[in-house]
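Inspection log for the structure reproduced underneath, given as structure tokens.
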Amino acid sequence: EAGVTQSPTHLIKTRGQQATLRCSPISGHTSVYWYQQALGLGLQFLLWYDEGEERNRGNFPPRFSGRQFPNYSSELNVNALELEDSALYLCASSSGTSGSGGTDTQYFGPGTRLTVL
Amino acid sequence: QKEVEQDPGPLSVPEGAIVSLNCTYSNSAFQYFMWYRQYSRKGPELLMYTYSSGNKEDGRFTAQVDKSSKYISLFIRDSQPSDSATYLCAMSSNAGGTSYGKLTFGQGTILTVHP
């Protein structure tokens, strides 16, 4: 069974541009999570989508946004890129079986490394 | 103060050693505890998942949770060079609100097992 896939593997942008990152969850999973792993800051929660709806977002500015498509894949958009947005962006998926608790096991993809010049 | 504290190491041990990795936390609402392993330039891989206090064993790995002390541990027995990676603890609660669906991670401990 295929795991979580992310594209592209690497992305290089300049300050002020927009970046779009994509994620395909494990087959049968309905929840998708996005995390940022910046050097020295560890993994920080960005967004959670379930059944096409945004369920929660972390402490990030509104220029970080995303969506989930009917096939449960997801897109993360980062507008007006800043140098400090350079990081590994990780997507995770879960089965969404825990109901409102949101405590399902999360399985991670390999990440997209975003470099902002 | 961070919600989850983890000694970043680095930790270097000889092959065959017992490795102990630890995290402390401040949020008493955390009920679900995980350990992930992350190889260089890869995504985190789930190793252990435990609920509330107690021990869980899986092969060479043992996870312990002590909620009264807000302390979790991962033990690796008979460590191998292939265990060399960054180990991340993660926690979550079902308290809802801003905790909804969110894993809170420690900084990660870099482990090197040398032959």
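The chains referred to below are lettered A, B, ... by the order of the sequence lines, with proteins before strands, and numbering in each begins at 1. Computation of the quantities below employed the complete heavy-atom set of this structure, encompassing side-chain atoms and omitting hydrogens, waters and symmetry-equivalent molecules. Just so you know, these numbers come straight off a predicted model, no measurement behind them.
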Go through it in stages, so that I can follow the logic: the residues are A:D50 and A:T30, the test is side chain to side chain contact (heavy atoms under 4.5 Å, CB included), and I'd like the CA-CA distance, side-chain angles, deciding distance and then a yes or no. CA-CA 6 Å; A:D50 182 56; A:T30 61; 3.2 Å; yes
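- Contacts between A:Q37 and chain B at a heavy-atom distance below 4.5 Å involve the side chain alone, from C-beta outward.
- Exactly one of B:I18, B:T112, B:L111 qualifies for a side chain to side chain contact (heavy atoms under 4.5 Å, CB included) with B:V13. That residue is B:L111.
- Looking at B:Q38, only its side chain comes within 4.5 Å of chain A, counting heavy atoms on both sides.
- If you check the side chains of B:T109 and B:Q6, you find a donor sitting under 3.5 Å from an acceptor.
- Here B:G43 is the residue among B:G43, B:P8, B:G108 with the most heavy-atom pairs under 4.5 Å with chain A.
- Among A:G111, A:G42, A:C91, A:P110, the residue making the largest number of heavy-atom pairs under 4.5 Å with chain B is A:P110.
- Only the side chain of B:L46 has a heavy atom closer than 4.5 Å to any heavy atom of chain A.
- B:Y32 and B:Y51 have tilted rings, their planes meeting at an angle from 30° to 60° on a 0 to 90° scale.
- Contacts of A:R57 with chain B are absent, with no heavy-atom separation under 4.5 Å from either backbone or side chain.
- Both B:Y49 and A:F108 are part of a single hydrophobic cluster, where members link through side-chain heavy atoms under 4.5 Å apart.
- Salt bridge B:E5/B:K70: absent, no basic N to carboxylate O contact under 4.0 Å.
- Looking at B:Y36, only its side chain comes within 4.5 Å of chain A, counting heavy atoms on both sides.
- Neither the backbone nor the side chain of A:L47 comes within contact range of chain B, judged by heavy atoms closer than 4.5 Å.
- With a 4.5 Å cut-off on non-hydrogen atoms, A:L88 touches chain B through its side chain but not through its backbone.
- With respect to A:R63 and A:D85, a salt bridge is recorded, a charged nitrogen being found less than 4.0 Å from a carboxylate O.
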